[in-house]
Number of protein chains: 2
Amino acid sequence: MSSDAPATGPQRQTRQRTAVQSVLEGRDEFTSAQDLHDLLRRQGTAVGLTTVYRSLQALADAGQVDVLVTAEGQTLYRRCSSEHHHHLVCRTCGRTIEIAGPAVETWADAIAREHGFSDISHTLELFGSCPACSSG
Amino acid sequence: MSSDAPATGPQRQTRQRTAVQSVLEGRDEFTSAQDLHDLLRRQGTAVGLTTVYRSLQALADAGQVDVLVTAEGQTLYRRCSSEHHHHLVCRTCGRTIEIAGPAVETWADAIAREHGFSDISHTLELFGSCPACSSG
DNA sequence: CCCTTAGTGAAAACGATTGTCAAAACCAGT
DNA sequence: ACTGGTTTTGACAATCGTTTTCACTAAGGG
Ligand SMILES: [Zn+2]
Ligand SMILES: [Zn+2]
Ligand SMILES: [Zn+2]
Ligand SMILES: [Zn+2]
C-alpha cells in the first residue's frame, strides 16, 4: 500500500554531513543537536547549527540514527544497530545500552490486536543509574 | 536529606482548579494544556492559560493525571487510574485504553539489573489505529 | 569548465512552556 | 464586617529548542 522505498532524496556528499556522521560514530550516548554542534566546533570542523539539525533529520529518516525525546521535550540522537531494539539509559551519565525484547514485541502486538487496533507501533525505554554512577 | 517534608504545598480549592479537574474527568483522550484552555473557554468557565499549566503541573505532581510527551515534544495530560499502567493510543482519534503489563514490568527490572543498573523506571506506549478509525 | 540544483548558514520566526509581578481572592483573627 | 498576611491568578514578557527564510556556496554530471 504505502509507497515502497523511503525515497531517500538526493544525497550529496558534503563536508558537513560527513562530519556529523563521524562524530555520531564516536559516541555511545544519545546526544542533542546543539551538543553535536558544539562538539563539531571544538573538534575544528565547524558546521552550522541549522545544518546539524538537517543532517540529523535526514539520518533519522534514513533510519541510520535512533531518535529519543526526553521528558523535557528535547530530541536526542544516537548511531545504533539497524535492527529494532530499545534502550537502557543512565539518567546521570547518559551511557546507553541497546536491548532487544522479542517477548515485549509480541506482547505489544497481541494486546493491541486484542483491542481491535491495527498498524501498531510502540515506544519503550528504560532509565536508571549505571554501575559507575550509582556507586556514589 | 534535603529540606523537610515533601510539603505538598497548600492547596486552596479555587474555581479554576475545579474547572480544570472537571474537564479532565470528562475526557478519555490525552489533552494538551492549550486544548484544555480552549475547552474551558468554550465551556464558559474561562481560566488563564498560565493557570491551566500550573493546575496540570500540580495534578501531575500529585499523581492524579498521567503525562505523555509526544514525539513532537508536546506534553499531554489525562485523568487515569492510579495504579501503574501504560497506554494504547489511537494515532487518529486519540482514543486511549489503559493497559497493564505485569510481565513487562518484571522483564524491564530484570534486564536493567542484569546490566547492573539500579533505580529503574521505564516508559512504554503503544500506538495504532482503533477499530473505528481503521475501517476507513 | 559550466551550469543546474542541492546544500549551507546567519538571522528571523515559531511555538510550547515558564517566569514575572501587580492585582484579586482567601482565610483566620480581631 | 474590617484587617493583615498568604496564596492564587493571569496578562504579558521571556526562554529555548527547533524550523523557516533566503541569499549564497559548492557538489558533480555533462
Ligand atoms: Zn538505538
Ligand atoms: Zn520493540
Ligand atoms: Zn494513564
Ligand atoms: Zn510499566
Side-chain angles (χ1 to χ4, degrees), chain A residues 6-24 29-62 64-78 94, chain B residues 4-24 29-62 64-78 94:
Chain A
T8 311
Q11 280 294 64
R12 274 179 201 178
Q13 183 57 4
T14 67
R15 170 182 72 74
Q16 291 86 338
R17 290 213 255 256
T18 306
V20 170
Q21 278 172 251
S22 86
V23 175
L24 279 172
E29 305 93 353
F30 270 90
T31 314
S32 73
Q34 315 228 36
D35 285 352
L36 237 30
H37 176 248
D38 286 351
L39 288 169
L40 285 163
R41 175 124 41 98
R42 260 166 229 147
Q43 170 191 297
T45 46
V47 174
L49 178 56
T50 309
T51 300
V52 173
Y53 272 108
R54 276 190 291 237
S55 301
L56 289 171
Q57 193 87 271
L59 288 169
D61 290 347
Q64 303 207 68
V65 297
D66 269 16
V67 178
L68 180 60
V69 178
T70 71
E72 295 77 45
Q74 253 210 168
T75 307
L76 308 180
Y77 307 83
R78 180 178 189 270
Chain B
D4 44 297
T8 309
Q11 280 293 66
R12 261 174 215 180
Q13 184 58 5
T14 65
R15 171 182 73 73
Q16 291 85 340
R17 291 212 253 256
T18 305
V20 170
Q21 279 174 250
S22 88
V23 175
L24 279 171
E29 305 92 354
F30 271 91
T31 314
S32 72
Q34 315 231 33
D35 285 353
L36 236 30
H37 176 248
D38 285 351
L39 288 169
L40 285 164
R41 175 125 41 100
R42 259 168 229 146
Q43 171 192 297
T45 47
V47 174
L49 179 56
T50 307
T51 301
V52 173
Y53 272 107
R54 276 190 292 236
S55 301
L56 290 171
Q57 195 85 270
L59 288 170
D61 289 348
Q64 303 208 66
V65 298
D66 268 18
V67 178
L68 181 60
V69 179
T70 71
E72 295 78 45
Q74 254 209 166
T75 306
L76 307 180
Y77 305 83
R78 180 179 189 270

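Every chain is numbered from 1 and lettered A, B, ... according to where its sequence line falls, protein lines coming before strand lines.
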Engineer: How long is the line joining CD of B/Gln34 and P of C/dA16, in whole Å?
Structural biologist: 5 Å
Engineer: Taking only side-chain nitrogens and oxygens of A/Arg54, does any of them come within less than 4.0 Å of OP1 or OP2 of D/dT19?
Structural biologist: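 No.
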Engineer: Among residues 70-78 of chain A, which ones have heavy-atom contacts with DNA chain C below 4.0 Å?
Structural biologist: none
Engineer: Give a yes/no on whether any side-chain N or O of A/Gln16 is located under 4.0 angstrom from OP1 or OP2 of C/dG7.
Structural biologist: no
Engineer: Nearest-Å distance, CG (B/Leu36) to C1' (C/dA16)?
Structural biologist: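 Going from B/Leu36 (CG) to C/dA16 (C1'), I get 15 Å.
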Engineer: Would you mind reporting whether A/Arg17 and A/Gln11 have side-chain heavy atoms less than 4.5 Å apart?
Structural biologist: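 Touching, per the 4.5 Å side-chain cut-off.
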Engineer: Going by side chain to side chain contact (heavy atoms under 4.5 Å, CB included), name the residues that satisfy it together with B/Thr75, two or more places apart in sequence or in a different chain.
Structural biologist: B/Val67, B/Val69, B/Tyr77
Engineer: For residues B/Gln43 and B/Thr45, is any side-chain donor paired with an opposing acceptor at under 3.5 Å?
Structural biologist: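 There is such a pair between these side chains.
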Engineer: Hey, are the side chains of B/Leu36 and B/Val47 touching, using non-hydrogen atoms and a 4.5 Å cut-off?
Structural biologist: no
Engineer: Between A/Leu59 and A/Gln21, is there a side-chain heavy-atom distance shorter than 4.5 Å?
Structural biologist: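 Result yes, sub-4.5 Å side-chain heavy-atom pair found.
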Engineer: Take nucleotides 23-30 of chain D nucleotide by nucleotide from the 5' end and write B, S or -, depending on whether a protein heavy atom sits under 4.0 Å from the base, only from the sugar-phosphate, or from neither.
Structural biologist: ---BBS--
Engineer: Think B/Tyr53 has a side-chain N or O under 4.0 angstrom from the OP1 or OP2 of C/dT17?
Structural biologist: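 Indeed, a polar side-chain atom of B/Tyr53 lies that close.
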